[in-house]
Amino acid sequence: QKTRNTKPPGLFWQGIASSDWGKNWELWRLRYPCALYSLGVAAMAFLLARKLRGETSAGIVAALAYLAFFGVYRHGRVLLTSAPETFWLFAPFFVLLMWRPRAGALNWPLAFAFGLMVGVGLLYKSFALVVPLAAGLAWWTLHLRGYRLGPWLRNDAPKIAIVSALALGVFSLWYWLDPQRQLILADFILKENVGKFDAGDESYLLNALAGKQSIWAYTLGWLTNAGLLAPAVLALFVISFLRRRELTDAEKLLWIWIGAVYLSFLPSNLRYERYLLPAMPAVAVLCALRWQEIPRWVLGITLFACAVLAAGLGAGAALLTSALGAGTIYPWPYWLLVVSAVAFAVSGLLRAQWTHAFALPSVFLVYLIYAGFLWPFDGPRGAYDQAAINAV
């Protein structure tokens, strides 16, 4: 009972379907849906940036930037659900900005479609995600109507209410299908969601101003999620603020979604950087739109960090090999990859015309080297005995 943790069924249902109802338990079957979700979000970023900028290169930058964000890499594992929830929450704003970027864009067919789409996303994570979704749509449509409250209340507010109600209705399928409804209420709704506003024996105000879940740590989540691209994302925020009067309508709408996600989780007593992940596709698109305006020295920080990390992982592999004294434990392609990654990052650092082009691939090379560094730590895969498998 002490270790019980009641979670929404989206990921479990996904695993049941991808494993052919439990007949095939290969790990790739359990993992590929989340990988496809990540690639789907990257595809939306690509299409949106290409449309808004009118250049395929901008789309490539947006897609690569999203996939290079450390938050996407870190929370993209098979046991976590950030990729599906990000996909379904960003999809309505992608559709609106891609095809209907004007006042009155949210019509009734779209409202019903968005409600069902977002409901799927809620089943992966929580009913609480309807808050940033509704806030984002409300702010978005209000902005398109020039902040005229009357027309917005008559035309858009009812549609947003339908989106929210439908999404929550889809999420409620869990309650009606699960035989242990009392655990959903006690563990998930009251403890895990409502409980996040309860500071317990601690001070809510003190937690908000200091600590790992403070407002400041939460705000820095934009940079921790960006990882090696943190200098570029920080530069984007600064550039966009300084040139806020020059932003296009599309950029303003993307910033509205970013602001809605950030503000929706601000009142919680527990603030985690992963809560910001549904807004990271918008950050990636904005990075692509302003990529050439980001100073070379800013991206130089990323390239320098990539070179240092690649060299450090190579040195770590050499020390590990020496300490074990068991001969070669890393194949020769690993060492070639380390040398190539360092040379690639240094080249982008030294040649001005290569800096912007080499920054994103350098991040992926570091991820690849890190994965290779961990390869010797993999042992034979464990398995439950046949009796346990039969019982399940």
Side-chain angles (χ1 to χ4, degrees), residues 45-46 48-55 57-66 68-72 90 93-94 96-97 101 132 135-136 139-140 142-144 146-147 214-266 271 273 275-305 348-349 352-360 362-363:
F46 169 83
L48 199 52
R50 185 180 66 173
K51 175 182 174 64
L52 297 178
R53 186 77 178 181
E55 300 172 357
S57 59
I60 294 173
V61 169
L64 293 181
Y66 174 74
F69 287 150
F70 181 65
V72 175
F90 184 62
F93 300 95
F94 165 76
L96 288 174
L97 198 53
W139 192 354
W140 184 297
L142 192 59
H143 175 82
L144 289 174
Y147 296 94
S214 68
I215 292 173
W216 321 117
Y218 173 63
T219 303
L220 287 175
W222 298 113
L223 302 183
T224 55
N225 279 331
L228 288 166
L229 291 178
V233 169
L234 180 60
L236 169 69
F237 276 66
V238 173
I239 291 170
S240 298
F241 177 76
L242 294 177
R243 302 177 184 175
R244 57 191 179 278
R245 301 185 187 281
E246 305 170 14
L247 297 179
T248 64
D249 288 338
E251 287 179 295
K252 292 176 181 177
L253 293 173
L254 288 170
W255 280 113
I256 283 174
W257 173 232
I258 291 170
V261 172
Y262 173 78
L263 294 174
S264 294
F265 297 109
L266 199 60
R271 307 168 188 87
E273 73 275 4
Y275 292 169
L276 302 175
L277 287 177
M280 295 308 289
V283 175
V285 173
L286 289 167
C287 277
L289 298 180
R290 297 283 176 174
W291 190 248
Q292 296 304 321
E293 299 176 38
I294 296 175
R296 176 176 175 257
W297 66 267
V298 171
L299 294 177
I301 297 174
T302 293
L303 287 167
F304 177 76
L349 194 59
Q353 62 268 38
W354 292 351
T355 301
H356 284 75
F358 281 21
L360 292 171
S362 291
V363 176

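Keep in mind that the numbers below use all heavy atoms, side chains included, and drop hydrogens, waters and symmetry copies.
- The structure places CD of E251 at 14.0 Å from CZ of R244, a figure rounded to the nearest 0.5 Å.
- In this structure the side chain of W139 reaches within 4.5 angstrom of the side chain of L263, judged on heavy atoms.
- When side chains are defined from C-beta on, I258 counts as touching L286, because their heavy atoms get closer than 4.5 Å.
- C287 is not listed as a side-chain neighbour of V61, based on a closest heavy-atom distance of 4.5 Å or more.
- The heavy-atom pair separating V233 from A226 by the smallest distance is CG2-CB, 3.6 Å.
- Residue pairs meeting the side chain to side chain donor-acceptor pair (under 3.5 Å) criterion with at least one member in residues 216-242, sequence neighbours excluded, are T219-Y262.
- When all heavy atoms are compared, the tightest approach of A359 to T302 is O-CG2, 4.3 Å.
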Take L97 and L52, measure what side chain to side chain contact (heavy atoms under 4.5 Å, CB included) needs, and give me the verdict at the end. CA-CA 9 Å; L97 198 53; L52 297 178; 4.2 Å; yes
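- A 4.5 Å side-chain heavy-atom check between L48 and L254 finds at least one atom pair inside the cut-off.
- Panel note: side chain E293, backbone R290; no donor-acceptor pair is recorded below 3.5 Å.
- In this structure, the side chain of R296 engages the main chain of L349 through a donor-acceptor pair within 3.5 Å.
- Heavy-atom minimum distance, P132 versus S264: CA-OG, 3.2 Å.
- L229 has its side chain within reach of L360: a pair of non-hydrogen atoms, C-beta onward, lies under 4.5 Å apart.
- The nearest pair of heavy atoms linking A49 to A62 is CB-CB, 3.6 Å.
- Remark: the backbone N or O of I256 is not paired with any side-chain donor or acceptor of W140 at under 3.5 angstrom.
- Under the 4.5 Å side-chain criterion, counting only non-hydrogen atoms from C-beta, L253 is in contact with L144.
- Annotation for W257 and A282: closest pair CD1-CB, 4.0 Å, computed over non-hydrogen atoms.
- Nearest heavy atoms, A232 versus L299: CB-CD2, 3.9 Å.
- Ring-plane geometry between H143 and Y147 is classed as perpendicular, the angle between the planes exceeding 60 degrees on a 0 to 90 degree scale with a lower cut at 30.
- Considering CD1 of I60 and CH2 of W291, their distance stands at 13.0 Å, rounded to 0.5 Å.
- Proximity of a side-chain donor or acceptor of R271 to a complementary backbone N or O of L266 within less than 3.5 Å is detected.
- The line from CZ of R53 to CD of Q292 is 7.5 Å long, rounded to the nearest 0.5 Å.
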